There are 2 protein chains.
Amino acid sequence: MWSVSTSERLIESTRELLWERGYVGTSPKAIQRRAGAGQGSMYHHFDGKPDLALAAITRSADELRVAADAQFTAPGTAVERITAYLRRERAVLKGCPVGRLTQDPDVMADATLRRPVEDTFAWLRERIAGVLTEGVQSGELAAGLDPAATAATVVAVVQGGYVLARAADSTTPFDQAVDGVLGLLAAQPAG
Amino acid sequence: MWSVSTSERLIESTRELLWERGYVGTSPKAIQRRAGAGQGSMYHHFDGKPDLALAAITRSADELRVAADAQFTAPGTAVERITAYLRRERAVLKGCPVGRLTQDPDVMADATLRRPVEDTFAWLRERIAGVLTEGVQSGELAAGLDPAATAATVVAVVQGGYVLARAADSTTPFDQAVDGVLGLLAAQPAG
DNA sequence: GTCTATACGGCGATAGAC
DNA sequence: GTCTATCGCCGTATAGAC
């Protein structure tokens with residue numbers, strides 16, 4: 001048996017804290033405490049708070065892509081895959097670990113930290129637009145459906161659903177928002 | 001002529017800073033500087049940071065309701081009013097001054113500060129559901145459309161649209177997300 | 001009402017011993 | 001690699017003079 005390395009624990013602790021409290025609300029001291037690491041230890045492995053945050057953000061972004069891609073790559077019609085993506089299990093009340101960073105002024109002001117966030121959503125919209133395009137081409141979806149716009153809608157419903165859920169302190173509005181788009185999508189006249 | 005009162009300037013400065021940097025990222029000192037008020041002045045008019053934040057949040061929430069209600073109360077069909085709401089002019093890259101607070105752990109942990117946020121979104125979903133119900137009843141929208149779910153979708157698209165716009169540093173994805181839902185809504189088979 | 005003085009702990013980092 | 005010491009500045013107030 002072996003324990004995870006200190007640097008590993010620092011990254012994971014940072015990921016959790018960024019998720020819970022954001023960049024501005026997360027201090028090096030809090031990270032160290034959660035990781036069970038000392039001051040010197042943290043500054044040995046990382047240059048400072050931004051460097052550690054970059055490692056954490058990059059990992060969260062990568063995880064998000066992998067998790068999402070699993071739904072889009074699975075077999076099924078376009079609508080089935082979009083449905084699988086929207087209905088996949090999520091920590092709804094915690095919100096999106098990547099989308100959350102969008103509200104963090106110090107993250108958005110730093111080009112390096114901002115990059116993974118920007119790339120993640122660009123990729124996600126692109127990927128979903130691709131799935132929708134397949135649906136249009138196969139005649140499953142109306143020919144008039146705009147894949148890029150609809151993809152943005154799908155991603156926005158998820159991100160906005162988190163906001164509504166947190167505001168209500170209940171997962172219900174998230175589920176409703178998802179049901180809402182899926183209802184609209186299902187009622188489309190076939191192409 | 002008269003100048004605005006100091007307490008008024010403190011509230012407005014707090015609103016701006018909460019919008020730009022969130023509660024955790026906003027310090028009393030920063031508020032004072034922006035308001036052109038001294039330390040003692042701020043603590044004379046308000047009990048402290050939470051008290052001042054409550055005044056700011058309440059006002060922003062009230063403003064949001066008034067602005068939204070204008071679209072819903074205007075004449076027009078249900079879809080026209082929803083469209084007016086979704087397309088109304090917004091500071092897209094700044095995001096929603098109320099929805100943003102949803103990501104602020106210290107706001108959500110304080111029942112008093114949280115209240116206006118919760119109420120605002122509950123009201124908004126309710127209000128939109130009402131408009132959609134009218135649309136269903138008049139036959140403008142399909143009988144199968146779920147007003148509550150679709151209302152959640154509409155609000156989520158706006159809130160999520162802000163996230164996408166900030167991530168991309170461009171208003172384009174917001175507009176696409178809006179176009180996307182409106183496209184789906186318009187393509188509904190009539191009831 | 002507004003000002004200055006003072007307080008104490010936390011933030012983010014560096015230095016140097018072990 | 002990890003620890004403790006130290007640093008200067010900021011956050012969030014309180015006290016009391018004007």
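Throughout, protein chains are lettered first and strands after them, A, B, ... in sequence-line order, and every chain is numbered starting at 1. Being a predicted model, the structure only gives us computed values, none of them experimental. Atom set for the values below is all heavy atoms of this structure, side chains included, hydrogens, waters and symmetry mates excluded.
Using a 4.0 Å cut-off between a side-chain N of Lys or Arg and a carboxylate O of Asp or Glu, A:D175 and A:R87 do not qualify as a salt bridge.
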Below 3.5 Å is the cut-off: list the nitrogen or oxygen pairs between protein and nucleotides 7-11 of chain C, distance only.
unit_1	atom_1	unit_2	atom_2	d
C:dC11	OP1	A:S27	OG	3.3
C:dC11	OP2	A:S27	OG	3.4

All N/O contacts under 3.5 Å from nucleotides 2-6 of chain D to the protein, with atom names and distances to one decimal?
unit_1	atom_1	unit_2	atom_2	d
D:dT2	OP1	A:T6	OG1	3.0
D:dT2	OP2	A:S41	OG	2.8
D:dT2	OP2	A:H45	NE2	2.8
D:dT2	O5'	A:S41	OG	3.3
D:dC3	OP2	A:G38	N	3.1

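When the P atom of C:dT4 is taken as reference, atom CE of B:M42 falls 16 Å away, rounded to whole Å. In this structure, CG of A:D106 is placed 15 Å from P of D:dC10, rounded to the nearest angstrom. Here the P atom of nucleotide D:dG11 and the OH atom of B:Y43 are 11 Å apart, to the nearest Å. Atom CG in A:L52 sits about 10 Å away from atom P in C:dA13, given to the nearest Å. One can place CD1 of A:I31 at 13 Å from C1' of C:dA13, the figure rounded to the nearest angstrom. Straight-line distance from the CD atom of A:Q32 to the C1' atom of D:dG1: 14 Å, rounded to whole Å.
Atom OG in B:S170 sits 8.5 Å away from atom CD in B:Q176 (nearest 0.5 Å). Atom CG of residue A:L132 and atom CG of residue A:D146 lie 9.5 Å apart, to the nearest 0.5 angstrom. Here the straight-line distance linking atom OG1 of A:T14 with atom CZ of A:R59 works out to 10.0 Å at 0.5 Å rounding.
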**Prompt:** Which is it for A:T73 and A:R127 under the side-chain hydrogen bond (donor to acceptor under 3.5 Å, both in side chains) test, yes or no, and what are the steps along the way?
**Reply:** CA-CA 10 Å; A:T73 305; A:R127 193 76 175 79; 3.2 Å; yes
**Asked** Can B:Q159 and A:Q159 be said to form a side-chain hydrogen bond (donor to acceptor under 3.5 Å, both in side chains), step by step?
**Response** CA-CA 7 Å; B:Q159 295 296 315; A:Q159 295 296 316; over 6 Å; no
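A single hydrophobic cluster is seen to contain both B:L101 and B:V92, as judged by linkage of ILVMFWY side chains at heavy-atom distances under 4.5 Å, directly or through other members.
Between A:Y162 and A:C96, the shortest heavy-atom distance links the atoms CE1-CB, 3.4 Å.
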